[in-house]
Amino acid sequence: MKPRVRFAPSPTGYLHIGGARTALFNWLYARRNGGVFVLRMEDTDQERSTPESVKAILDGLQWLGLDWDEGPGKEGPYAPYFQTQRLATYKKYTDQLIAEGKAYRCGCTKEELDARRAASNDPGWKYDGKCRERKDVPATGAVVRFAMPKDDGALSFTDLVLGKITKTHSDLDDFVMMRADGIPLYNLGCVIDDHEMEITLVGRGQEHVNSTFPQLALYRALGWEAPQFAHFPLILGPDREKLSKRKHPEADVMLHKNNGVLPEALLNFVVRLGWSHGNDEVISVAQMKEWFDFKSVGKTSGVWNPEKLTWLNQQYLKTLAPEEIAKRVAPLMGFDDPRFVKLVLAFRTRVKTTVEMAAAFRPYFEKGVKLDPEAAAKALTAEGKATLATVADALKALPTWAAAPIDEALKKLAESTGQKLGVLAQPLRVAATGSMTSPGIGDTLEILGRDEALARIDAALK
RNA sequence: GGCCCCGUCGUCUAGCGGCCUAGGACGGAGCCCUCUCACGGCUCAAACCCGGGUUCGAAUCCCGGCGGGGUCACCA
């Protein structure tokens, strides 16, 4: 049977890093095994779901390159892919379960429940079953609860990453599966859709292992075979708690995009949080698709490590085609220019993000340069200016303005005067860039162009 | 607190009974390269949570303790 997996986010905010990795793992599994990757919107929380969030999630996945085979915008045979458009299906099965005595209407209000919960003084309070045997609960205004078997049986499943997990019925309760208005809760919607959409494997974060049990109970009540499950380790914030939107700004996928992180790097970073392939660190998407396997997914939660993300980002800055990087920096510059490629080559080992890269490019497109006072004081002393003047004369005599001849001329000059190259290069660097640091002096001057470079030198000489 | 899961350098991890005086990567320290800054190369510091078993032999298997996380909603 063809593997069918899904990513089923709740559109209540931007795409979360944890969600992105869940999507990635499922996507990789589908791609690796010739399966289908389904995107389903679990928008049953009317309070919090918004169209903006749907768009944000779609945009995030697209930016990462995680394309779905069925879902919003790709209506397949199991459409629709928004749960709020599937209400009739949920009603059908809910009615069936009620008729069979496997579910019942409950008229307890939220307030009554809260009161009883508070009175019990039990942090793990479970629904007391008050409405379970009542026959007089009106159909309107009542929620539907699942009637958990009261025997001493148990539910268990073999998780693809965690192994066998078991829970007894007595640890479960009569959870609410449908609201009074006919909108299902998570467990119900999830089970019915996964079955209806013929999902063969459910891959999600470990925060869902406990909810797997009520879902298993539902599968059994409905007489359905449950899919396979794989629960991925959590991604933790610096405080060692589950990465959450509230507490951890880095949970936002798009924040990283805005910070100049490449999707390749983010995917690489996130795939290594919980999954490994021997000692490999820099892993392309193509390699992930070839290697990904639930057997190599670890059980332990991983802590978000910004330094490693940054390092990975630079690895991609250094190895992706310069033309490609240039294309991605262009929007940050607000314009395109053929010199971007040379600038990429000059700066890719010196910056960590595309944002830093754009900032580094900027001075090369301005007339003149503001000198860093400290650098000027160091390199543009009277003595420095004297050597700069000599250097300038040599440069002006150059027939071709390019890195190689410039470097060569400087070397020759240094040899003839017995000076170290640095003595010549630093005043020149400060004059040309205003700073004590820059790419190689030849490259720097070439990219600047003869006219601008000489103009800056003359300005520094004054 | 109940239940569930987990426990190798600061962090991500390799390891799946002998190959481990525990390997790699990020980060840190140092050296080299060098026109500056980077990049790169080399070196160093740094871990098997604790205690019992099982075994000729345990980071690897079992039990207990401790520690961490998750979950207990008409959120997902």
Side-chain angles (χ1 to χ4, degrees), chain A residues 8-12 19 42-49 83 106 108-110 113-114 117 121-127 142-145 159 161-163 165-168 170-173 175-181 183-187 189-190 204-213 231 233-234 236 238 240-242 269 272-282 296 298-312 314 318 346-352 375 379 407 410-411 414 420-426 428-430 433 435-442 444:
Chain A
S10 158
T12 55
E42 305 215 329
D43 57 349
T44 53
D45 184 340
Q46 304 268 281
E47 303 278 300
R48 300 192 303 148
S49 295
Q83 290 192 319
C106 169
C108 297
T109 65
K110 198 154 199 305
L113 256 19
D114 287 344
R117 197 193 322 274
N121 254 329
D122 176 4
W125 188 81
K126 295 182 191 61
Y127 179 66
V143 302
V144 179
R145 284 183 184 273
D159 190 274
V161 350
L162 296 172
I165 308 177
T166 302
K167 205 157 205 166
T168 57
S170 55
D171 284 327
L172 273 3
D173 72 344
F175 60 92
V176 176
M177 47 188 258
M178 185 177 270
R179 298 174 173 90
D181 58 8
I183 295 178
L185 270 91
Y186 168 61
N187 287 136
C190 172
R204 69 224 317 191
Q206 275 177 19
E207 72 267 29
H208 289 291
V209 327
N210 284 313
S211 66
T212 304
F213 295 97
H231 288 95
L234 265 19
L236 273 24
R240 307 298 173 103
E241 284 187 27
K242 187 175 71 160
F269 174 72
R272 283 287 291 104
L273 233 38
W275 175 79
S276 61
H277 183 265
N279 282 335
D280 294 311
E281 294 291 348
V282 180
S296 304
K299 301 176 176 182
T300 61
S301 304
V303 176
W304 183 261
N305 182 346
E307 287 83 14
K308 190 148 186 181
L309 207 214
T310 300
W311 174 77
L312 275 168
Q314 191 178 39
K318 275 165 48 189
F347 279 105
R348 63 182 180 175
T349 61
R350 279 169 253 259
V351 299
K352 309 286 191 191
D407 284 332
L410 287 177
K411 247 168 223 156
K420 278 189 164 176
L421 198 50
V423 176
L424 264 41
Q426 282 310 88
L428 186 51
R429 188 182 319 276
V430 173
T433 68
S435 144
M436 291 287 280
T437 69
S438 87
I441 194 66
T444 301

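Excluded from the calculations below are hydrogen atoms, water molecules and symmetry mates; all remaining heavy atoms, backbone and side chain alike, are included. All chains are named by letter (A, B, ...) in the order of the sequence lines, taking the proteins before the strands, and each is independently numbered beginning at 1.
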A.B. asks: Does C33(B) pair with anything, Watson-Crick or G-U wobble, both distances under 3.5 Å, and if so, with which nucleotide?
C.D. replies: none

A.B. asks: Ignoring the backbone of Leu421(A), work out which of G70(B), C5(B), C35(B) is nearest its side chain.
C.D. replies: C35(B)

A.B. asks: If you look at every strand shown and take non-hydrogen atoms under 4.0 Å, does Asn305(A) touch a base, only sugar-phosphate, or nothing?
C.D. replies: base

A.B. asks: Counting Watson-Crick and G-U wobble pairs only, both distances under 3.5 Å, name the nucleotide matched with C72(B), or none.
C.D. replies: G1(B)

A.B. asks: Does the base of G69(B) carry an N or O that pairs as donor and acceptor with the side chain of Glu207(A) under 3.5 Å?
C.D. replies: no

A.B. asks: Give none if A22(B) has no partner; otherwise give the nucleotide forming a Watson-Crick or G-U wobble pair with it, both distances under 3.5 Å.
C.D. replies: none

A.B. asks: How would you label the contact of His231(A) with the nucleic acid (heavy atoms, under 4.0 Å): base, sugar-phosphate, or nothing?
C.D. replies: nothing

A.B. asks: Taking atom NE2 of His277(A) and atom CZ of Arg272(A), what is their separation to the nearest 0.5 Å?
C.D. replies: 11.0 Å

A.B. asks: Determine which nucleotide pairs with U60(B), using a 3.5 Å limit on both distances of a Watson-Crick or G-U wobble pair.
C.D. replies: none

A.B. asks: Which part of the nucleic acid, if any, lies within contact of Gly440(A), taking any heavy atom under 4.0 Å across all strands shown: a base, the sugar-phosphate backbone alone, or nothing?
C.D. replies: base

A.B. asks: Is there a side-chain contact between Phe269(A) and Trp311(A), using heavy atoms and a 4.5 Å cut-off?
C.D. replies: no

A.B. asks: Please figure out whether Tyr186(A) or Asp407(A) has its closest RNA chain B nucleotide nearer the 5' end.
C.D. replies: Asp407(A)

A.B. asks: Under 3.5 Å, is there a donor-acceptor pair between the side chain of Glu42(A) and the main chain of Gln83(A)?
C.D. replies: no

A.B. asks: Less than 3.5 Å between a donor and an acceptor, one on the side chain of Asp171(A) and one on the base of G2(B), is that the case here?
C.D. replies: no

A.B. asks: What does Gly422(A) touch in the nucleic acid at a heavy-atom separation under 4.0 angstrom: a base, only the sugar-phosphate, or nothing?
C.D. replies: sugar-phosphate

A.B. asks: Does G40(B) have its OP1 or OP2 closer than 4.0 Å to a side-chain nitrogen or oxygen of Lys318(A)?
C.D. replies: yes

A.B. asks: Expressed as a whole number of Å, how far does the C1' atom of C4(B) sit from that of U8(B)?
C.D. replies: 23 Å

A.B. asks: Classify Lys110(A) by what it touches in the nucleic acid, base, sugar-phosphate, or nothing, heavy-atom distance under 4.0 Å.
C.D. replies: base

A.B. asks: Classify Leu185(A) by what it touches in the nucleic acid, base, sugar-phosphate, or nothing, heavy-atom distance under 4.0 Å.
C.D. replies: sugar-phosphate

A.B. asks: If we take the C1' atom in both G23(B) and C63(B), what is their distance in whole Å?
C.D. replies: 30 Å

A.B. asks: Measuring to OP1 and OP2 of U11(B), would you say a side-chain N or O of Lys308(A) lies under 4.0 angstrom away?
C.D. replies: no

A.B. asks: Scan every strand shown for a Watson-Crick or G-U wobble partner of G27(B), both distances under 3.5 Å, and answer none if you come up empty.
C.D. replies: none

A.B. asks: Determine the contact category for Thr168(A): base if any of its heavy atoms lies under 4.0 Å from a base atom, sugar-phosphate if only primed atoms, P, OP1 or OP2 are that close, otherwise nothing.
C.D. replies: nothing

A.B. asks: Base, sugar-phosphate alone, or nothing: which one does Val143(A) contact when heavy atoms must sit under 4.0 Å apart?
C.D. replies: base

A.B. asks: Can a side chain N or O of Ser276(A) be found less than 4.0 Å away from OP1 or OP2 on A14(B)?
C.D. replies: yes

A.B. asks: Assign Pro439(A) to base, sugar-phosphate, or nothing according to its heavy-atom contacts below 4.0 angstrom with the strands shown.
C.D. replies: base

A.B. asks: Using the C1' atom as the reference point in each nucleotide, state the distance between C66(B) and A14(B) in Å, no decimals.
C.D. replies: 26 Å

A.B. asks: Which distance, rounded to the nearest 0.5 Å, do you find between the CD1 of Ile441(A) and the CG of Asp407(A)?
C.D. replies: 8.5 Å

A.B. asks: Taking only side-chain N and O atoms of Arg117(A), does any of them lie within less than 4.0 angstrom of OP1 or OP2 on A73(B)?
C.D. replies: yes

A.B. asks: Categorize Arg48(A) for me: base, sugar-phosphate, or nothing, with a 4.0 angstrom heavy-atom threshold over every strand shown.
C.D. replies: base

A.B. asks: Should C16(B) form a Watson-Crick or G-U wobble pair with both distances under 3.5 Å, which nucleotide is its partner?
C.D. replies: none

A.B. asks: Quote, to the nearest angstrom, the P distance that separates C9(B) from C5(B).
C.D. replies: 22 Å

A.B. asks: For Arg204(A) and Thr212(A), which I'm curious about, is there any donor-acceptor pair between the side chains at under 3.5 Å?
C.D. replies: yes

A.B. asks: Take atom P in U54(B) and the same atom in G41(B), then report the distance between them in whole Å.
C.D. replies: 49 Å

A.B. asks: Does Thr437(A) reach a base, just sugar-phosphate, or nothing at all? Heavy atoms under 4.0 Å.
C.D. replies: base

A.B. asks: Checking Thr444(A) side chain against Pro439(A) main chain: does a donor-acceptor pair fall under 3.5 Å?
C.D. replies: yes

A.B. asks: For Arg240(A), report the nucleic acid contact type (base, sugar-phosphate, nothing); a contact means any heavy atom under 4.0 Å.
C.D. replies: sugar-phosphate

A.B. asks: Strictly by Watson-Crick or wobble contacts shorter than 3.5 Å, is anything paired with C66(B), and which nucleotide is it?
C.D. replies: G7(B)

A.B. asks: Using a heavy-atom cut-off of 4.0 Å across all strands, would you classify Lys242(A) as base, sugar-phosphate, or nothing?
C.D. replies: sugar-phosphate

A.B. asks: Could you state the interatomic distance from OH (Tyr127(A)) to SG (Cys108(A)), rounded to the nearest 0.5 Å?
C.D. replies: 3.5 Å

A.B. asks: Indicate, with a heavy-atom threshold strictly under 4.0 Å, whether Thr12(A) touches base, sugar-phosphate, or nothing.
C.D. replies: nothing

A.B. asks: Please give the distance between the C1' atoms of C48(B) and C6(B) as a whole number of Å.
C.D. replies: 15 Å

